[in-house]
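Just so we're on the same page: letters track the sequence lines, and every chain starts at 1.
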Amino acid sequence: MPSGRSPVVPERPSLDGLEQKWSEAWERDGCYRFDREAPRERVYAIDTPPPTVSGSLHVGHVFSYTHTDTIARYQRMRGSEVFYPMGWDDNGLPTERRVQNYYGVRCDPSVPYNPDFKPPEKPPENEPIPISRPNFIELCLQLTETDEQAFEELWRGLGLSVDWSMTYTTVGTLAQRISQRSFLGLLARGEAYQLEAPTLWDVDFQTAVAQAELEDRERPGAMYRVRFRGAESGAEALVDTTRPELIAACVALLAHPDDARHSGLVGGEAVTPLFGTRVPVLTHPLVDPEKGTGLVMVCTFGDVTDVVWWRELGLPVRPVLGPDGRLLDVPWGTPGWESEDLERARSSYAELAGSTVNQARKRIVELLRDAGELVGEPEPVTHAVKFFEKGDRPIEIITSRQWFIRTIEQRDALIERGRELKWHPPYMRARYEDWVQGLAGDWCISRQRFFGVPFPVWYPIDASGAVAHDQPIAASVDELPVDPSTDVPDGYAADQRGAPGGFIGDPDVMDTWATSSLTPQIAGHAGEDRELFEKVFPMDLRPQAHDIIRTWLFTTILRSHLDHDALPWSNAAISGWVLDPDRKKMSKSKGNVVTPIHLLEEYGADAVRYWAASGRPGTDTAFDPQQMKVGRRLAVKLLNASKFALADLPPEGEQVTHPLDRAMLARLAEVVAEATSSFEDYDYARALERTEDFFWWYCDFYLELVKGRRYDGHPEVTGSVSRALRLSLSVFQRLFAPFLPFVSEEVWSWWQAGSVHHARWPEAAEIAAAAADAERNGERMALEVTADVLREVRKAKSQARRPMRAPVRRVVVRDTAQRLRALELGSDDLVAAGAIESLERVEDEAFAVEVELAPEPPR
RNA sequence: GGGCGUGUAGCUCAGUUGGCCAGAGCACCUCGCUUACACCGAGGGGGUCGCCCGUUCGAGUCGGGCCGCGCCCACCA
């Protein structure tokens, strides 16, 4: 490694201020700017996860984004032109919720726009202020902008080598255009469709949600045994249920086909208690005869299994739940709502109508008990209930009109795509396959919300005022983005909105994942900037955490598969979570979140990155400030070792001639090879560990051993060590650059031109060449034996409670002939480093060292 | 219920195709201000490698079976 210029080393090197100094310099010099003129083969494109800006900043972000950054920096040093944009996920429910709480408002689409609206200084205590949809969206944009600044500040402080000129947002105009364009393509190809069907529904947010957004939560409940009766026989038919409030919605009773206990009922009808409604008694193989009485009631709709039965058995619907989670009024006596005792049905149901599910359940149990239709006492159970992951009450299944993307028919193709993808670590693919195998239905992408990308369609209204949902009017591609609630479709006038013979806009917005699933296309400006897109797509890397494989990773593959018939990227690097020291996932609700800005201030960015980069790919890692201290120590060490090697360094010789110098380089070459192959395998943690491990050894042994020669003053002695120091140091500085970008840049700047982050990643072969024939000549062994003896000498001094520089009168080394010969090669450095007056060698079977210290000088 | 991962010193973790008395860092103890570094250095104590079988000359490493922990998935009435 030729030195760029003579080193300028500070008197007292320090980490203080390096973050600011270098992040400003990188920004000024455009260090991480993507060069779009680079040829396609050289481009390495990263599909950065856009963080949800309305969420909190936490150490988990620092953790996984550091992993990606080490890869980006490695690739850049390998000569790749790295495409590394940042995105902000500001679209969707988290932002809406945050705006509601922050300003004390709620969106009411019926309120007209008020251009002068200003949110109150303090949110009102009781009722939120209803505001128009455009006003609400303005507030969303306003708040996310400040959130985005906070994130950018964190990322810059952490030293992410992002090209900040390419930042996008998921609700921005570009994202809206790309999202709508993709949707129109799906619509035209029949891959998106609209359907009125049972839908997973959150009663608080009052929107449809997708299967991927569900989670199970253990909840206490009770099992109620309820008496139905055979319609003809009057025989009792006992049914166990956890949802008695849905008895009025019952459309059938089911038994297993082989269950003899209920054969008398099967084929006939049963009558519901309280409501006197006749329902058929049928069989279905999914019924588990082991559960309860073996007889199960099918409702509209108690859970997803009810939907399966409804669909497969062609059952009618009898909906009782409204979108707000309260029981609807029901027209008893009309078709579908017949009863053997209408008066009783009406009076019973009147007790329930308008109440929430929980209230209704409580009340109906009382009614059943009073009527003697409750058998025995309710049995308390704890059962898993499905919740919307962001919701507070269980999911209901409610029939509504929604947009879907055809997913099920792609199942096999998607699994195949998953196999084409290189997963890091590989076992993460299993989660993807599990998920794809388990898909229950097509992906519901419409949400009855406000802050998101609207569907670019309108519907004609016929003369009678009916909306023709089956004849959507698609926006034309060159008009995008459109907001159908304000824009007018071609061929219509604005005043025809909502009028017979006119049109109406689709009221919904797309699910946030429906846009986030297009991040490679958004970042690459698909359909907008063909040259750029073709350069970066398909991308090289999708980094993300394992909890969103079923959402982000899966949907991105799906969209790319449908729109481009390709994988969106060739590699997926899956990172783990940060756990608190008790091994619990860090989360805001648990109150165990540590603010990352504080960490950066206390330990420094390099130290925090060191901790993050120690977390192996895919592995959950404990939050550990201790590791940050270690990282800081390492950064300081690099500073000091660089100072030692470079300050007043004598001129280098033509060749590395000393056996110990060559042996060190031979080992260094191996470390480089290992770090490189680890990085190629996306195992940044291993690359760091190997580098760090050898670096400490290098400081503790090699640097100590060569000190004498380094200060010797005779060029024929210093030439080799000087050359070896330059080479090794430049290698270490480059090896650490992806992990400790600030201190690496600092020490690099002392003696090299240009940024270390654009320096060439070290080549093992090159270093091995400088090490010449270290292996064959026994020089490797020389370094080992020399270090072994030095350790023994140190031990003797330490145990004698003497300083390390204390002179040693005599050292006797017993060892094999081969090792003794090797020792000879390094003995000049050894006697200097150990202050040894006489070094004797005795051939022996086993290694042993006698150390005779010089007498302690009188005080 | 199915699957994936994991279990090595008090803590955080290495241990790559089985091979010399099982390693590192932190923490702890002792010593040392030696001209790169006291934001340091040198040294030390500490482990039946979750448990039980098996394969092998030899197993932390391979096979089988348990147990613990974490996560993912599931049609958990």
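Across all strands shown, G1(B) pairs with C73(B); the Watson-Crick or G-U wobble distances both stay below 3.5 Å. Across all strands shown, A24(B) forms a Watson-Crick or G-U wobble pair, both distances under 3.5 Å, with U12(B).
Each of G15(B), C37(B), G43(B) was ranked by its minimum atom distance to the side chain of Arg690(A); first place goes to G15(B). With A42(B), U12(B), C71(B) as the candidates, the nucleotide lying closest to the side chain of Trp577(A) is C71(B). For Asn640(A), the side-chain atoms get nearest to A36(B) when compared with the rest of G43(B), A36(B), G32(B). Checking G41(B), G43(B), G15(B) against the side-chain heavy atoms of Arg686(A) singles out G15(B) as nearest. Distance from the side chain of Lys795(A) is smallest for G44(B) among the nucleotides C40(B), A27(B), G44(B). The side chain of Gln799(A) approaches G43(B) more closely than any other nucleotide in the set A36(B), A74(B), G43(B). The side chain of Asp434(A) approaches G3(B) more closely than any other nucleotide in the set G3(B), C26(B), C37(B). Set against U12(B), A36(B), G41(B), the side chain of Ala622(A) has U12(B) as its closest nucleotide. Nearest to the side chain of Tyr427(A), among G5(B), A36(B), G32(B), sits G5(B). Considering only the side chain of Val630(A), G25(B) comes nearest among C73(B), G25(B), C31(B).
Tyr432(A) has no side-chain polar atom (N or O) that falls below the 4.0 Å cut-off from OP1 or OP2 of C72(B). At G25(B), none of the side-chain N or O atoms of Arg633(A) fall inside 4.0 Å of OP1 or OP2 (strictly under the cut-off). A close approach under 4.0 Å does not occur between any side-chain nitrogen or oxygen of Lys637(A) and OP1 or OP2 of A36(B). Under 4.0 angstrom from either OP1 or OP2 of C73(B) there lies at least one side-chain N or O belonging to Arg550(A). Under 4.0 angstrom from either OP1 or OP2 of C39(B) there lies no side-chain N or O belonging to Arg12(A).
Rounded to whole Å, the separation between the C1' atoms of A38(B) and C33(B) comes to 7 Å. The gap from the C1' atom of G10(B) to that of C4(B) amounts to 30 Å, rounded to the nearest Å. Spacing of P atoms, G45(B) relative to G23(B), comes out at 12 Å, to the nearest Å.
Comparing Glu689(A) and Leu790(A) along RNA chain B, the residue whose closest nucleotide (by nearest heavy atom) sits nearer the 5' end is Glu689(A). Place Val636(A) and Ser614(A) on RNA chain B by their nearest nucleotides, and Ser614(A) ends up nearer the 5' end.
When heavy atoms are screened at a 4.0 angstrom cut-off, Gln627(A) is found touching no nucleic acid atom at all. Among the atoms of the strands shown, base atoms are found under 4.0 Å from some heavy atom of Lys707(A). Here Cys299(A) lies out of heavy-atom contact (under 4.0 Å) with every strand. Residue-level contact check: Arg632(A) touches the bases, meaning some heavy atom is under 4.0 Å from a base atom.
Checked against ring-ring contact (aromatic ring centres under 6.0 Å, His included), Phe387(A) has no partners two or more places apart in sequence or in another chain.
The CZ atom of Arg227(A) sits 9.0 Å away from atom CG of Leu374(A), with the distance rounded to the nearest 0.5 Å. How far CH2 of Trp751(A) is from OG of Ser642(A): 8.0 Å, rounded to the nearest 0.5 Å.
Taking atom CZ on Arg805(A) and atom C1' on C33(B), their separation rounds to 9 Å, with Å as the unit. We find that CD of Glu433(A) is positioned 23 Å from P of C71(B), with the value rounded to whole Å. If you measure from atom CE of Met804(A) to atom C1' of A42(B), you get 4 Å, rounded to the nearest angstrom. Atom pair Arg431(A):CZ and C71(B):P shows a separation of 10 Å (rounding to whole Å applied). Atom pair Arg429(A):CZ and G3(B):C1' shows a separation of 13 Å (rounding to whole Å applied). Taking atom CZ on Phe694(A) and atom C1' on G25(B), their separation rounds to 18 Å, with Å as the unit. In this structure, Tyr610(A) places its OH atom 12 Å from P of C13(B), rounding to the nearest Å. Between the NZ atom of Lys643(A) and the P atom of C39(B) there is a distance of 14 Å, rounded to whole Å.
Note on ring orientation: taking the six-membered ring where Trp is involved, the planes of Trp611(A) and Phe63(A) are tilted (angle from 30° to 60°). Using cut-offs of 30° and 60° on the angle between ring planes, the pair Trp697(A) and Phe701(A) is parallel. Note on ring orientation: taking the six-membered ring where Trp is involved, the planes of Phe554(A) and Tyr432(A) are tilted (angle from 30° to 60°).
In this structure, Arg709(A) pairs ionically with Asp829(A), as a charged nitrogen and a carboxylate oxygen lie closer than 4.0 Å. Electrostatic pairing of Arg667(A) and Glu670(A) does not count as a salt bridge here, judged by no charged N lying under 4.0 Å from a carboxylate O.
For the pair Arg710(A) and Phe644(A), the distance from NZ or CZ to the six-membered ring centre is under 6.0 Å and the angle to the ring normal is within 45 degrees. Taking the ring centre of Phe847(A) as origin, the terminal cationic atom of Arg819(A) falls inside the region bounded by 6.0 Å and 45° from the ring axis.
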Taking only N/O atoms, report every protein-nucleotides 75-77 of chain B pair under 3.5 Å with atom names and distance.
unit_1	atom_1	unit_2	atom_2	d
C75(B)	O2'	Thr305(A)	OG1	3.4
C76(B)	N4	Asp216(A)	OD1	3.2
C76(B)	N4	Asp216(A)	OD2	2.0
A77(B)	O3'	Thr242(A)	N	2.6
A77(B)	N6	Asp288(A)	N	2.6
A77(B)	N6	Asp288(A)	O	2.5
A77(B)	N1	Asp288(A)	N	3.3

